[in-house]
K.L.:
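Here you go, one structure.
Both counts, for ligands and for their atoms, begin at 1 and track the order of listing.
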Amino acid sequence: MRTQQGTPIRRDAYQPLAYQVETVDLDFVLDPKATVVSNRMRCVRNPQAAAGPVVLYGEALVCLSVRIDGAAPADGQVRTVEGGLEIDVDADVVVLEIVTRIDPSANLTLSGLYQSRGGYYTQCEAEGFRRITYFPDRPDVMARYTVRLEADAATCPVLLSNGNLLETGTLPGGRHFARWEDPFPKPSYLFALVAADLKALERKVCTMSGREVLLQVWVEARDLDRVGHAMDSLVHSLRWDEEVFGLELDLDRFMIVAVSDFNMGAMENKGLNIFNTKYVLANPDTGTDLDFENVESVVAHEYFHNWTGNRVTCRDWFQLTLKEGLTVFRDQQFTADMMARASDTPAAAASARAVTRIANVRGLRSGQFPEDAGPMAHPIRPDSYQEINNFYTATVYQKGAEVIRMLLTLLGTEGFRNGMDLYFSYHDGQAVTCDDFVGCMAEANGADLDLFMGWYSQAGTPRLKAVGHYDAASRSYALTLSQHTPPTAGQPDKQALHIPVAVGLIGPDGADLPLQLEGEVRSAGTTRVLELKETSRTWRFSGIEAEPVPSILRGFSAPVILEVDEDDARLAFRMAHDSDPFNCWDAAQRYMERVVLALAADAAAGRRLEVPQAFGHAFRALLVNDRLDPGFVAETLALPSETYLLERMQPADPAPLRAALIHVSRELGQALQADLLTRYMDLEVEGEYRYHPADAGRRSLRNLCLRYMMAWGGPTAVQLASLQFRTAGNMTERYGALAALVQSDAPERIEALAAFHERYRDDALVLDKWFQLQAGAWHWSASAPSTLEQVRALMGNPAFSLSNPNKVYALLGGYFKANAAEFHREDGAGYAFWAEQVIALNRSNPQVASRMARALEGWRKFTPEIQVRIRAALETVAAEEGLSPDVAEIVGKALA
Ligand code: TRP
Ligand code: ZN
């Protein structure tokens, strides 16, 4: 049933199963080492499928008994095959009863049923249910579930599963039980149970149709003072989905449970979302503004899955972006709306929306673009995979969301909503494909989206080239757009895609020009969406009095790399005048990228580093502009991420890039010291902390000013940072000060790190910040300690554990993925350490190991000398015995 390990599973090999499951009754007798799971399934022949046995997947299970329609199986009727069981059945309907035993305490993979801090939790997506019981564990098998669970009443007073609570009761021997029923058919990946010592914050709300529903957020008792924001976020999400999409909560009870050992962010199990504590818990003393934002968006994301993912689910895992791209898009829109709604003026609202969009695009450029340029490049709907867990990627999620956003751009708000309505009317209760989704968008709008489907099948980031030509005689401006996608692994030839390109033209006075295309009778609007469908096409704008400056790809209307020939002066002009806030930000990013990469080339060649004066001026103009929203200014003045710059540098060379980044930061810190200080003083936020875009924006710019001041150095900066650290009234300010101090080698650095540790020594989530900051620390002066030695030492801290994913992501992830210059140190010690840790993690938690392994997949972009060293490390891991399919796929593809 399962293909040989190492052989990819192919999308075009999809076959429906011969038998589906109609109902399943599960009984769990929970015990740390020997949990017994009794599973009674009513299996029904699928008339649409070819004949065959009942196929049940199973992994790490001890089979205790199998009964078929109440009787023992005949000889040879049940076959053990690789990956599970096959059962021969003649009847159209059969009842299977299977009893298995599992060991949750030994399950460090955090997939299936496992223990965390004494409680029991499940994680079934993508293929974890088969680690709980034998089952046709595929998303196209949708069944109705009842669940009975029993456990020790003292250690696990709370017993939860999907749907509605039917019954609870006590049992002899200090045990108790609960019975749950989920009225909605669901795929097995949405099953969940929790048995733990938890307390709930509860709220009752009315849905749009007037039904009262119970909302609960379950956490450990000591964390109850940090769940208010998650609850508020849940209520806001519920309202938003009603208002924007007309989608109502379909259950009487909706639960969120927080667990500290969790591989990902959160999971949308039907009616029982399970969350990493990181995305539930936040109060002003422990969470930064970013944490508050993340909690809000992850709560929304999982809640939105109830319709996009659960009510309509995926036919197979190749369709993952059907639910993930769409749900990320929905949570991004929600966040933008929430930010705008909280703003006090229309201008502030527009800024807040832009800040949200900028953050999305920053994430795409530093997370997805490198993926698309490396050995893991895949279309948002992959054609094959070896391990599905490796395909919960930035491409499927973030680029997938951009593809949905392009549909919105092409079809308009109303057309998009009509497409969504049609999608639910056709496919509610079904497991479907991306073609079904785009088909509804096309049908509802009478649109031809055939070419658009290329976004689902083609990997790689398209290059969009824009060339303009002004003709004074005819007062017309010709804009030629051309596209080209470089080859990716396994996809040498690329087709032209359907790309919506939002374009504006800026006049010499900085104002947008009204746009009239050749052949139109009058002008309309100042931003137009041009639909590029061919390799190259020219548009002509008429009535243009003087040569304009084009503003291309406004709002980042497509996930492409824009290539346009702009000199420094034009970038500075757009920084000052582009009416599209996204493009204004982007102009600043392009300018910074150009300056930093030029300096990096100088550093590599041993030349003197000099920051162009004009750059300092453009930077200062933004810094002192107090009519602009501070949050927006902060985004605009923050340097592009090192990861993104490495992607743009050819060949990538982390050491000179870091030297350039340090140099630019120092020069700006010096040249603008007076302005930075003034801004820093003016931006202080008075009064009680509130999570609000205006306050968050001020704190963000203020902390950025502090970091630039610290980069230049001097006693004032250290004093200011220390003072802010000691007097901060909330985590955003405290953490901002610590992040600045970590850049210095003053004694205050050590003092602040120690004080922070002391204050939060029992607080796992806050300590993650402490680990992460040190792992990501830059080596600003020769006397600073080596980061690798620090990271090794921190692994010995009692609060660190390789079996807790958050700790691994903070410390090891912080070093491997957010500190290029230190990780890629010349002696190769970073790579040896990487290999050692990937191998260690591979034994306990393959999903986490694979995520760490991915830190080196982009190795071919580096200089030849660096490549030699990385290859050695990759080969060490590849040669390891007992490599999980997760890690094997990553290093295999990297070395291929
Ligand atoms: N479906 C989850 C989400 O997007 C992702 C997820 C949570 C997941 N846990 C997982 C994926 C474990 C794979 C493995 O919201
Ligand atoms: Zn999701």
K.L.:
Looking only at distance, does Asn263 have an N or O less than 3.5 Å from an N or O of ligand 1?
P.N.:
no
K.L.:
May I ask you to list the atoms of ligand 1 that are less than 4.0 angstrom from any heavy atom of Gln847?
P.N.:
12 (C), 14 (C)
K.L.:
State which residues pass side chain to side chain contact (heavy atoms under 4.5 Å, CB included) with Thr643; sequence neighbours excluded, sorted by chain then number.
P.N.:
Ser366, Ser641
K.L.:
Would you confirm whether the ring centroid of Trp240 sits within less than 6.0 angstrom of the ring centroid of Phe304?
P.N.:
yes
K.L.:
Which is it for Glu125 and ligand 1 at heavy atoms under 4.0 Å: side chain, backbone, both or neither?
P.N.:
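Both the backbone and the side chain of Glu125 come within reach of ligand 1.
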K.L.:
If we ignore hydrogens and angles and just use 3.5 Å, is the side chain of Asn389 paired with the main-chain N or O of Glu125 as donor and acceptor?
P.N.:
no
K.L.:
Taking the Zn ion (ligand 2) as the vertex, how big is the angle to NE2 in His305 and OE1 in Glu324, rounded to 10°?
P.N.:
100°
K.L.:
What atoms of ligand 1 come closer than 4.0 angstrom to any heavy atom of Met267?
P.N.:
1 (N), 2 (C), 7 (C)
K.L.:
Mind telling me whether Phe452 and Trp455 have parallel, tilted or perpendicular rings, with 30° and 60° as the class edges?
P.N.:
tilted
K.L.:
Tell me whether the rings of Phe416 and Phe437 are parallel (<30°), tilted (30 to 60°) or perpendicular (>60°).
P.N.:
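Phe416 and Phe437: perpendicular rings.
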K.L.:
At a 4.0 Å threshold, what atoms of ligand 1 neighbour a non-hydrogen atom of Glu302?
P.N.:
3 (C), 15 (O)
K.L.:
Which ligand 1 atoms, with their elements, are less than 4.0 angstrom from a heavy-atom of Lys323?
P.N.:
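Contacts of ligand 1 toward Lys323, numbered from 1: 1 (N).
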K.L.:
Write out the residue and atom name of the closest protein heavy atom to atom 5 (C) of ligand 1, then the distance separating them to 0.1 Å.
P.N.:
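Going by distance alone, atom 5 (C) of ligand 1 is nearest to Tyr397 OH, 3.3 Å.
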K.L.:
For Glu181, what residues pass the salt bridge (charged side-chain N to carboxylate O under 4.0 Å, His left out) criterion, not counting sequence neighbours?
P.N.:
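By the salt bridge (charged side-chain N to carboxylate O under 4.0 Å, His left out) rule, Glu181 matches no residue at all.
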K.L.:
Any chance the rings of Trp317 and Tyr189 have centres within less than 6.0 Å?
P.N.:
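Yes, close enough.
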K.L.:
Output the list of atoms in ligand 1 that are nearer than 4.0 Å to some heavy atom of Glu268, sorted by atom number.
P.N.:
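It comes down to these atoms of ligand 1: 1 (N), 2 (C), 3 (C), 15 (O).
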K.L.:
Quick one: which ligand 1 atoms are inside 4.0 Å of a heavy atom on Ala266?
P.N.:
2 (C), 3 (C), 5 (C), 6 (C), 7 (C), 15 (O)
K.L.:
With carbon and hydrogen excluded and only N/O/S kept, which atom of His301 is nearest the Zn ion (ligand 2)?
P.N.:
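The His301 atom nearest to the Zn ion (ligand 2), restricting to N, O or S, is NE2.
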K.L.:
Taking the six-membered ring for Trp and the single ring otherwise, decide whether the centroids of Phe391 and Phe318 are under 6.0 Å apart.
P.N.:
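No.
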